[in-house]
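Below, all heavy atoms of this structure are taken into account, side chains as well, without hydrogens, waters or symmetry copies. If you read the sequence from its start, that first residue is 1, and numbering goes on from there.
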Amino acid sequence: MVKVSDFVNYLISFLVILALFSVIRYVNVLYSAILIAVLIIFLFNEKLKFFKLNRKVLTFFAFLFSGITLINTNVNTFLLSLCHIIIVFICIKLLEEKGYRDYMQLIILTIFLTTASGLFSLSMIYLVYIVVSVFVANIAAIFITFVNFKSDIELEGSSFKQLLFKGLAIVLLAVPLAAIIFIVLPRTDYPLFNSIGYSNISKSGFSSEIGLGDVNSIQEDNSIAFRVVMKKVNRPLYFRGVVFDVFEENRWKSSVSKKVNRQKRLQGERVEYQLYLEPHFENFLITLDYPLKVDVGTRGVFFTDKLEVKDRNLINKKIKYTGVSYFADKFKDEIDNKFYSDTANVSQKVLKFAESFKRESNIETANAIINYLKSKMSYSLQDLPTGSNSLEDFLFEVKKGNCEFFASSMAVLLRANHIPARLVGGFKGGYYNENGGYYAVANKNAHVWVEAYIDGYWVRFDPTPAAIEQFTDKNILPWSLKFRLYFDYISYYWTKFVINYDFQKQVSLFKNVSSSFKNMNVSISKKILANMVLIIIGIGLSLYFILYRRKKQQADYYLDKFYKILKKNGVDIDPKLSLLQNTRKIENDDLRKKANLFVNEFYRMKYRLNNMSWKNLNEVLNKLNNK
């Protein structure tokens, strides 16, 4: 025997845990801890009944907390505050004495919280959360109705399994309908949830300002930053993001970029690609090497005078765009030499040290600097210099660091030698997926390199000795990353066909289907058409008789006919009473006698034979009807 109330409590607990896990990366850790503690108390209290809290007091505190939270909420924290409020209401509902309505409210609150996780991230795990939630919530709703009818009800194992499978079947039957709705439901280009901020969500990649050592945490992140569909190439890949041109207090900043209408003069090998970018909550786009064109559909993007591509809005959802770029190591430009040679924030010790690299030409000076850094310094992500003298400590004491230290040192030493220089933040490398035909680029590929202005060109220098391109060698990847990349193939198609299934794709799909029908040149003879109609009618009739026969094997079918006959003869039927209690109301002796015959036969078949024989029951019902 299975006690239904215990089973319902376990299902509710599972839904709460699932909802919490869906948002646990984003919500405050205190709320997560409180919810887990309350859930444990709920399970013990439902078993032992050691306390009973006042519903009105709990509700008062819930609304008081919601009010305080909303007062301290701005547009950037609205979504997070909403999640916190839902968590508090779940806690309140878990602590309250629960009836049917309270259990249903708990289910709805957990579904709300799980759904809210989709506003943070539309990854494949969100699909898992929402599908499992719907299945469990549906089963819980079925069993809650039993608890509502009788709180201590227990079910036999066979009955319990039957209800469980029927609950699962109900949701499975809805799957084809959900697929059809997904395909045909009208979509809008208006970003409904884009007005909701995500400032507290963890970021990846770069912002408009970085300090020495900031990229360190990113370079230990194996999550995918973007995917690039293109042919495989045998050269290091540089993906451009943001340009840093101001050095202050050991930090590099990006000055205000100017929008340009005329593209830079680019030369090199032309390459076309599609890029699927994960949200990074900045407004710059990632482009391959030196970008010539970028098409993001209806989004407003523009090129800057620093060869960046920016969006007017933050990239807070997955986006897809096409691009045309050139593979090269330099591009021609006209700049303000004085601005890019500023050394106002560089110490005298570093300026003095820079003089040792001076050569006859700028390119020789640049090569001397990069050779020194690659031969005398070592790459490391651990125990990096910090503080206000971190650059000096790197050059003269520690002599190990990540790409930021190498790039910063080279740019500063170049500027000290009156060679304009700046940093470029982006990504380097990527693993090529042969099956999908795309490069998967992880956040650990985040990289910073140097652009030096020499002889009218911005020339790329990469002084970092670490072979970040090792990531392209599948055989030396850590097992965790290999595992992630195998699943990334599935995630790629999830992004391609589900997340990016928009109004344009919908229109295209309907056009293709319509065109296919128009182009069909099929001639069907009248004889074949008649045979097809007969086959369809035959299948339809067969299905009807199969369903009708199954219906006649169910007890409810005969009960319904029995009650209709009694009502027709003026008997006031009460479904809450037993069959015999209802037949006792019949005043006509002949009718009551025939009704009792049906009841006896019905009980015999249902409880003794466990089989409804339509022939016997119909015979009794016909006698009753023709009394």
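Among all heavy-atom pairs drawn from Ile565 and Leu621, the shortest one is CD1-O, 3.7 Å. Here the closest heavy-atom approach between residue Ser22 and residue Leu113 is recorded as OG-O, 3.9 Å. Closest approach of Asn443 to Ala225, counting heavy atoms only: OD1-CB, 3.4 Å. Looking at every heavy atom in both residues, Thr110 comes nearest to Ala19 through O-CB, 3.5 Å. In terms of heavy-atom proximity, Ser133 sits nearest to Leu15 at O-CD2, 3.7 Å.
If you take CZ on Phe602 and CG on Leu559, they are separated by 3.5 Å, rounding to the nearest 0.5 Å. Distance check: Ile315 CD1 to Leu277 CG gives 6.0 Å after rounding to the nearest 0.5 Å.
In Gln581, the CD atom is crowded: over 12 heavy atoms of neighbouring residues, nucleotides or ligands sit closer than 6.0 Å. Other residues, nucleotides and ligands contribute only 12 or fewer heavy atoms inside 6.0 Å of the NZ atom of Lys567. No more than 12 heavy-atom neighbours from other residues, nucleotides or ligands sit within 6.0 angstrom of CZ on Phe112.
Partners of Arg584 by side chain to side chain donor-acceptor pair (under 3.5 Å), not counting sequence neighbours: none found. Annotation: salt bridge (Lys or Arg N to Asp or Glu O under 4.0 Å) contacts of Glu154 (sequence neighbours excluded): none. With sequence neighbours excluded, the residues forming a side chain to side chain contact (heavy atoms under 4.5 Å, CB included) with Ala62 are Phe89, Ile92, listed by chain and number. Every side chain to side chain contact (heavy atoms under 4.5 Å, CB included) that Ser81 has, sequence neighbours left out, goes to Thr69, Thr73, Thr77. With sequence neighbours left out, Lys564 forms a salt bridge (Lys or Arg N to Asp or Glu O under 4.0 Å) with Asp560. Under the rule for a side chain to side chain donor-acceptor pair (under 3.5 Å), the partners of Glu46 that lie at least two apart in sequence or sit in another chain are Lys98. The side chain to side chain contact (heavy atoms under 4.5 Å, CB included) check on Ser13 picks up Leu39, Phe42, Leu43, with sequence neighbours excluded. With sequence neighbours excluded, the residues that form a side chain to side chain donor-acceptor pair (under 3.5 Å) with Asp6 are Lys47. In terms of the side chain to side chain donor-acceptor pair (under 3.5 Å) criterion, residue partners of Asn9 (sequence neighbours excluded) are, by chain and number, Tyr103. Contacts of Asp572 classified as salt bridge (Lys or Arg N to Asp or Glu O under 4.0 Å), with partners at least two apart in sequence or in another chain: none.
Screening residues 30-42 for side-chain hydrogen bond (donor to acceptor under 3.5 Å, both in side chains) gives no qualifying pairs among residues at least two apart or on separate chains. Sorted by first and then second residue, the salt bridge (charged side-chain N to carboxylate O under 4.0 Å, His left out) pairs with a member in residues 102-112 read Arg55-Asp102, Lys93-Asp102; sequence neighbours excluded.
In this structure, Phe143 and Phe7 have perpendicular ring planes: the angle between them is above 60°, well past the 30° mark.
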Report task. Applying side-chain contact (heavy atoms from CB on, under 4.5 Å), run through Met104 and Tyr100 and close with a yes or a no. Result -> CA-CA 6 Å; Met104 296 305 291; Tyr100 175 80; 3.9 Å; yes
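Note on Arg592 versus Asp589: salt bridge recorded, some NZ/NE/NH1/NH2 to OD/OE distance being below 4.0 Å.
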